[in-house]
Amino acid sequence: MEAKEEDLAKFKGHPRQALAAMTWSLDENIGKVVQALKNKGVVENTLIFFLSDNGGAHNNQSSTGPLKGWKGNKFEGGHRVPLVVSWPGQLPSGNSLDSLTSSLDIFSTAVKAANIEVDDELILDGVNLLPYLRKAKSGPPHEKLFWRKLDESAVRMGNKKLIDLKGFGSVMYDLKNDLGETFDLTRVLPTEKSQIEQEYLKWETELMKPLWDEGPIWMPITRHIHKSLMSNEEPEYKDPWGKK
């Protein structure tokens, strides 16, 4: 956490002073980029994406609000982030899309915006978001999304979310009614859970084996965190330095 002294001074007494000051600086410098585009007369035809690469971390004053988890795990607090798209000359302002999207969509969208033909043999996981942002196409860009990081994995299908920890088990939530991922639907909807698991196993067959892992220090930490959160318990430690 590094912030300029003059920015820290703007937020004296703020409960999250360093984060507020750094966010101010980020906003200020994004403004400089946009102003430079305006000065060159190209902002109307410049496609801008703004998003975080992951959810808030537990050790940098971030807050995930009602979301469970944080950076590095498969709960909503770890990967649900805002995605802002700006293209003044081509996209109407004020539209919002409340459905499944991914940072993988950036490439597919940018390629289409630039009128670049993509080879049919090139398999892309992303979706062109332009028709959805223009309201020319309705429905979700993705019916399902998958995540995997070594022993931890997750699936979103509609409002249902499944999280699995290899060797421990899995849980399923309904994010529409349980955004905080607290009520496991395994016993309530066993058939639906089984269907989602099959979709995941099918997707997993397309993946190569990981080329590396987190190392002997972090692997048990990550596992402990997922086991705790899946059991609705507070992790005893969140990093190697907090482990007793």
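All residue numbers refer to positions in the sequence shown, counting from 1.
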Over 12 non-hydrogen atoms of neighbours within 6.0 angstrom of [atom1] in [X]:
X    : atom1 : result
K40  : NZ    : no
D119 : CG    : yes
Y237 : OH    : yes
K10  : NZ    : yes
I123 : CD1   : no
K38  : NZ    : no
L201 : CG    : yes
E5   : CD    : no

Looking only at heavy atoms, which two atoms of [X] and [Y] are closest? And how far apart?
X    : Y    : value
S228 : E234 : CB-C, 4.3 Å
V127 : H142 : CG2-CE1, 3.4 Å
A18  : Q61  : N-OE1, 3.4 Å
A154 : K74  : CB-CB, 3.9 Å
E181 : I163 : OE2-CD1, 3.8 Å
L150 : P210 : CD2-CB, 3.9 Å

If I take atom [atom1] from residue [X] and atom [atom2] from residue [Y], how far apart are they, to the nearest 0.5 angstrom?
X    : Y    : atom1 : atom2 : value
L207 : S153 : CG    : OG    : 10.0 Å
L83  : L97  : CG    : CG    : 9.0 Å
T222 : E152 : OG1   : CD    : 5.5 Å
T109 : L133 : OG1   : CG    : 7.0 Å
R80  : L67  : CZ    : CG    : 6.0 Å
Y173 : K161 : OH    : NZ    : 8.5 Å

Validation row: [X], [Y] side chains within 4.5 angstrom (heavy atoms):
X    : Y    : answer
S63  : R16  : yes
E199 : W203 : no
E192 : L185 : no
W87  : E44  : no
D7   : M22  : no
R134 : Q90  : yes
L91  : N95  : no

So, does [X] use its side chain to make a donor-acceptor pair with the main chain of [Y] at under 3.5 Å?
X    : Y    : result
D105 : T101 : no
E76  : G180 : no
D174 : D178 : no
K68  : F75  : no
R156 : G158 : yes
R223 : D151 : no
H224 : E236 : yes
T205 : K202 : yes
H58  : W70  : no
S108 : G126 : yes

Determine, using the 4.5 Å side-chain heavy-atom cutoff (strictly less than), whether [X] and [Y] are members of one ILVMFWY cluster.
X    : Y    : value
L189 : V155 : yes
L145 : L129 : no
F107 : V81  : no
M157 : M172 : yes
I217 : W212 : no

* Start with the C-alpha distance between W147 and S102, add both sets of side-chain angles, then the distance that settles side-chain contact (heavy atoms from CB on, under 4.5 Å), and finish with yes or no. => CA-CA 11 Å; W147 297 264; S102 165; over 6 Å; no
Can you list, pair by pair, the side-chain donor-acceptor contacts under 3.5 Å of residues 46-54, counting residues two or more places apart and other chains?
unit_1	atom_1	unit_2	atom_2	d
T46	OG1	V42	O	2.6
S52	OG	N54	N	3.3
S52	OG	N54	O	2.6

* After noting the C-alpha distance and the side-chain angles of L165 and K227, does the key distance pass the side-chain contact (heavy atoms from CB on, under 4.5 Å) rule? -> CA-CA 8 Å; L165 177 61; K227 285 177 66 174; 3.2 Å; yes
* Between D164 and Y200, is a side-chain contact (heavy atoms from CB on, under 4.5 Å) present by the stated rule, with each step listed? -> CA-CA 10 Å; D164 181 84; Y200 172 78; 6.0 Å; no
* **Residues E214 and K149 bridged, charged N to O under 4.0 Å** => yes
* Inspect the contact between E204 and R148 and indicate whether a charged nitrogen and a carboxylate oxygen are less than 4.0 angstrom apart. => yes
* Parallel, tilted or perpendicular: which fits the ring planes of H14 and F11, with parallel below 30° and perpendicular above 60°? -> perpendicular
* So D27 and T23, side chain to side chain donor-acceptor pair (under 3.5 Å) or not? Walk me through it. -> CA-CA 6 Å; D27 187 54; T23 303; over 6 Å; no
* Between E197 and S170, is any side-chain donor less than 3.5 angstrom from a side-chain acceptor? -> yes
